[in-house]
There are 2 protein chains.
Amino acid sequence: MNVESFFPENIKTPLKNDPPGEWMPTLPDKCIRLSSGFPAPTLVPVEQLKAAVISLLEEEQDLPLHYVGSPKVAKLKEQIQEMLLEYNIRVSGDELLITSGACQAIDLVARILIDDSTIIVIEAPTYMEALEVFQNYTKHFISIPIDEHGLQTKVLEEVLEERKKKGLTLPRLLYTIPTFQNPTGTTMSTERRKHVMKLAANYNFLILEDDAYRELFFDKPSIPLKAMEREGRVLYVGSLSKVVTTGMRIGWVAATPEFITALAWFKKDLGHPFAQATMASFLENTDMETRLNFLRDTYKAKCEVLISALERYLPKSVSWYIPEGGYFVWLNIAGVDTSQLLTEALSEGVSYVPGEYFFLNRQDGKEFLRLSFSYANQQDIVEGIQKLGNVIK
Amino acid sequence: MNVESFFPENIKTPLKNDPPGEWMPTLPDKCIRLSSGFPAPTLVPVEQLKAAVISLLEEEQDLPLHYVGSPKVAKLKEQIQEMLLEYNIRVSGDELLITSGACQAIDLVARILIDDSTIIVIEAPTYMEALEVFQNYTKHFISIPIDEHGLQTKVLEEVLEERKKKGLTLPRLLYTIPTFQNPTGTTMSTERRKHVMKLAANYNFLILEDDAYRELFFDKPSIPLKAMEREGRVLYVGSLSKVVTTGMRIGWVAATPEFITALAWFKKDLGHPFAQATMASFLENTDMETRLNFLRDTYKAKCEVLISALERYLPKSVSWYIPEGGYFVWLNIAGVDTSQLLTEALSEGVSYVPGEYFFLNRQDGKEFLRLSFSYANQQDIVEGIQKLGNVIK
């Protein structure tokens, strides 16, 4: 039996790409993990989540263990609506869909908006999982470079104007992480935010705003694109992964009701009542403002330690952006192939993610790498950067 | 802004169908739920699941709360492999993908096998969620009727032979629930199982075998199609929803590695480590054989009570199949529109699912309805059927 003969054309093409998620070798034991983009063990509220499950099951008994019927599942939606209000995003119940993390949200948006003729605009570099998702739907991409102020909207405007003049198809969607971007850690300036919204209206495209890191600002929050518009061009994706736990997979899309209806239509996992109800129970019993402030202080301190260590231990040829929040610092190491360097770094005992995985054209990322200060503790961060310095020299 | 203008053609068509999942009105309070296809509150192991979470978090701490790293997630895969072995389905790790319930499994199979030109064969009637999933990908269906011995494979053969003679495209996939089918409760005979496997080989199609109810046999299990072949034509879907809990969304696909690779490629929710690890912890601490026997006895007794009540309270014009396991009894009420009757039944205090939702051509289901004996207790079942009898008369 020839398995491949059963696959339709639209899945054969993606299957020819590199396998998804295989960007990192297994890390050796005791490796200092500056590659891991998830919270340190001490930052996961294990005991509180355990208490949330116990209290949920005492209160609701079997209800969250069926497909439907748990009041806490409905509660979670209200809680997320309230959180969004803090950022001036006002959505009704039919403008919000809870998903299995931000990644499923991105996949569903791709499902309803992208077919194999769709052009989408991405940031270069961008979140690798999103890149994989989009490549499952189309091969038509426009990559626009990032600098320390985020997406270079002037470059985007030039590209759009050029296409318009030539009568070429215009993109349908821009995917952006304007705040504490993955992998660069940069934040789009207010001026560029206004500019990109103007471009969306002028060239009639939608914006998929991925705001997974927004709560983790060091000093002040920024204004989401979603809060700057009323027309409905922004599909806003968020997540509780970075501030509570990645393991329960709670994310969402906020968008106009027509989009939410379509997204829900193609979401065929029948929801996750137990995880959602547990999260609602956790949020009910947690002072989130205190928790968020603790996380912000912790990550800010870790980031400062990382930046100091970079200044101290890395050669002058290495440069980086200073993040204002989030998890990541993006390094440019002139003349070094970071994928090749990784083997050496791992044997020295430190990991990072090579830059190539964040670009559609991998070649563009050869001299970059992503460091995360989310997982390792302060002491390990310093030691890790020291090791990285040794390897680069 | 015109939202619809952003949707590609391949999603516009499904969006014109009736909205998914809207087959039932809200049930009035105190309604006897013969519509609900999920377990009674008393059959959900609430305390044991609570204990599973507590023991998991004590043992693994933060590990199941990250994207990766929980040993219990790996353990669950082994546990499911062992369960499948009981039914002579021997799969290696790369032949098994854990999904968010059987429904996500079906959606992923559709994702990798169906495009808008694909023809698929379905049973008439069939599982309504699956019907919705498939309609998101294609509009080319061949419906083959079910009788008390399951799918009428002779009819299927005639259709296939006819198409072959005429030089028409042959179907790529058959979706079947051979054991305790939803909604008819019927089980495909051994003879027909052999026949359908022969047809698959002769006419070169794949089989999506949905075996969500298989553990709930009253007297003896049947042999899955997957256990009857080595060629890899069967993609085998199962679930722990019916025997543990629907709320944690644990299902799977067992298939040859090429299919599993493709399915995993398009599964973009990044897994559900907390739910999977909790399930593994539950299975480690539960004598599943004892639990399964208890469930089998319970459902068998409830089914017998239901059948007796049907014989006693329903008019002679009503007929049904006697199930050998599962959740459902399928009623044929000659001359009655069951969708219209539902309003009356609900005001009398009993619910069921009208037959029309289980057919591609809804008209075909007008005189049928699905009863479930999974949720209501024995006393309520009798009372519910009495009420149904009153309404029909």
Side-chain angles (χ1 to χ4, degrees), chain A residues 1 3-4 6-11 14-15 19-20 38-39 41 44 46 49-50 53-54 57 61-62 64-67 100-101 103-104 106-107 111-115 117-118 129 132-133 136 172 206 231-233 245-249 256 258-259 261-262 265-266 268-270 272-275, chain B residues 1 3-4 6-11 14-15 19-20 38-39 41 44 46 49-50 53-54 57 61-62 64-67 100-101 103-104 106-107 111-115 117-118 129 132-133 136 172 206 231-233 245-249 256 258-259 261-262 265-266 268-270 272-275:
Chain A
M1 201 188 79
V3 169
E4 209 189 328
F6 291 103
F7 293 142
E9 284 309 317
N10 64 355
I11 87 133
L15 284 174
F38 51 85
V44 180
V46 178
L49 286 166
K50 195 199 290 176
V53 169
I54 292 169
L57 292 179
Q61 291 292 320
D62 61 301
L65 295 164
H66 298 293
Y67 295 117
S100 290
C103 200
Q104 189 192 41
I106 295 168
D107 188 43
R111 177 80 170 96
I112 66 156
L113 292 177
I114 305 177
D115 69 8
S117 68
T118 310
E129 290 283 353
E132 283 177 12
V133 166
N136 283 347
R172 180 175 294 157
L206 302 171
E231 212 195 349
R233 288 200 183 271
T245 168
T246 61
M248 286 199 189
R249 320 296 309 117
T256 52
E258 298 93 326
F259 287 126
T261 300
W265 199 286
F266 290 93
K268 283 297 182 191
D269 58 8
L270 306 186
H272 288 81
F274 181 68
Chain B
M1 200 188 78
V3 169
E4 209 189 326
F6 291 103
F7 292 144
E9 283 309 317
N10 64 355
I11 87 134
L15 284 174
F38 50 86
V44 180
V46 179
L49 286 166
K50 194 199 290 175
V53 169
I54 293 168
L57 292 179
Q61 291 292 321
D62 61 302
L65 294 165
H66 298 292
Y67 295 117
S100 290
C103 199
Q104 189 192 42
I106 293 168
D107 187 43
R111 178 78 170 96
I112 67 156
L113 292 177
I114 305 177
D115 68 9
S117 67
T118 309
E129 290 281 356
E132 284 177 10
V133 166
N136 283 348
R172 180 176 294 159
L206 301 172
E231 211 194 351
R233 288 199 181 272
T245 169
T246 60
M248 287 200 188
R249 319 298 308 118
T256 53
E258 297 94 324
F259 287 126
T261 300
W265 199 286
F266 290 93
K268 284 296 181 190
D269 57 8
L270 306 185
H272 289 80
F274 182 69

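Here is how names work: the chains are called A, B, and so on, in the same order as the sequence lines, proteins then strands, and each is numbered from 1.
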Within the structure provided, determine whether [X] and [Y] are in side-chain contact (heavy-atom separation under 4.5 Å).
X      : Y      : result
B:T246 : B:P39  : yes
B:V44  : A:H66  : yes
A:H272 : A:R249 : no
A:D115 : B:E9   : no

Of the backbone (N, CA, C, O) and the side chain (C-beta and beyond), which part of [X] lies under 4.5 Å from a heavy atom of chain A, both, or neither?
X      : answer
B:P64  : backbone
B:I114 : backbone
B:T256 : side chain
B:D107 : side chain

How long is the span from the CZ atom in A:F266 to the CG atom in B:N136, to the nearest 0.5 Å?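 Answer for the CZ-CG pair, A:F266 versus B:N136, is 4.5 Å.
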Taking every heavy-atom pair that is under 4.5 Å apart, which of [options] has the most such pairs with chain B?
options                     : value
A:N10, A:V53, A:I54, A:L270 : A:L270
A:R233, A:Q61, A:E132       : A:R233
A:E231, A:E258, A:R172      : A:R172
A:A275, A:P14, A:A262       : A:P14

For chain A, which candidate among [options] shows the most heavy-atom pairs at distances under 4.5 Å?
options                        : value
B:L49, B:L206, B:T261, B:I106  : B:L206
B:F6, B:F38, B:F274            : B:F6
B:L57, B:L15, B:V133           : B:L15
B:I112, B:T118, B:T245, B:L113 : B:I112

